[in-house]
Amino acid sequence: MMVDQSEGPITVVATLHPKPGYSGEVREALLAVAPRVHHEHGCELYAVHEAADRFVVVEKWATRGDLAAHTEADNMATLNASLEARLSKEPDVQVLDPVPAGDERLGAI
């Protein structure tokens, strides 16, 4: 059963798959936007991770409203323009509600 936590923190996990030869450009675009996203209202975490064939961005927003504002922000428009034609498929973006478990310091992002 999913719990509506619309006023609580929201976690986002976005996976991006660069086309062959474009990993460097995708990496640069993500690293360029991160400091600006960190200053957006409600941003509690915006962390870029890399694997051999993908980038994973883990985000935490104070509220769904803050996340909604982020998706409409100039920072995202800039990032989307930078990624255009550089990804092998659409980003997989998962918006997740926390389910705290165990130790409160370790059981939720």
Side-chain angles (χ1 to χ4, degrees):
M1 177 170 84
M2 182 129 165
V3 177
D4 180 14
Q5 298 188 1
S6 57
E7 293 306 314
I10 298 297
T11 300
V12 177
V13 178
T15 304
L16 299 93
H17 296 270
K19 288 181 179 176
Y22 286 97
S23 287
E25 291 178 37
V26 171
R27 186 179 205 273
E28 288 176 21
L30 291 167
L31 294 178
V33 77
R36 296 191 303 264
V37 172
H38 290 160
H39 288 98
E40 289 181 27
H41 185 271
C43 179
E44 296 181 2
L45 176 72
Y46 188 89
V48 178
H49 299 73
E50 184 175 12
D53 65 340
R54 73 194 67 196
F55 291 90
V56 177
V57 181
V58 180
E59 308 173 34
K60 184 176 180 184
W61 295 91
T63 68
R64 284 190 184 272
D66 294 329
L67 173 58
H70 164 68
T71 63
E72 299 297 322
D74 289 342
N75 293 326
M76 287 309 297
T78 298
L79 178 60
N80 290 335
S82 297
L83 297 177
E84 190 172 327
R86 290 173 174 79
L87 300 179
S88 62
K89 56 184 167 181
E90 289 294 314
D92 176 22
V93 179
Q94 301 293 318
V95 179
L96 309 165
D97 290 311
V99 181
D103 186 319
E104 67 183 42
R105 296 174 301 120
L106 304 174
I109 293 177

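Numbers for residues simply follow the sequence, beginning at 1.
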More than 12 non-hydrogen atoms from neighbouring residues, nucleotides or ligands closer than 6.0 Å to NE2 on His38, yes or no? yes
Heavy atoms of Asn75 and Arg36 approach each other most closely as OD1-NE, 3.3 Å
Any side-chain heavy atom of Leu45 within less than 4.5 Å of one from Val58? yes
Considering residues, nucleotides and ligands other than Asp103, do more than 12 of their heavy atoms fall under 6.0 Å from its CG? yes
Just checking, is any N or O donor in the side chain of Asp66 or Thr63 under 3.5 Å from an acceptor N or O on the other one? yes
Could you pull out every donor-acceptor pair under 3.5 Å between side chains of residues 8-18 and any protein atom, sequence neighbours left out?
none

Heavy-atom closest contact (Met76 atom, Thr71 atom, distance): CB-O, 3.9 Å
Tyr22-Phe55 co-clustered via ILVMFWY side chain contacts under 4.5 Å: no
Quick check for you: to the nearest 0.5 Å, what is the distance between His70 atom NE2 and Glu40 atom CD? 5.5 Å
Residues pairing under ring-ring contact (aromatic ring centres under 6.0 Å, His included) where one sits in residues 73-109, two or more places apart or in two chains, turn out to be none
Would you mind checking if Arg64 and Asp97 are paired as a salt bridge, meaning a charged N to carboxylate O distance below 4.0 Å? yes
Applying side chain to side chain donor-acceptor pair (under 3.5 Å), which residue pairs with at least one partner in residues 46-58 are found, sequence neighbours left out? Arg27-Glu50
Worked check of side-chain contact (heavy atoms from CB on, under 4.5 Å) between Glu59 and Val37: CA-CA 10 Å; Glu59 308 173 34; Val37 172; 5.7 Å; no
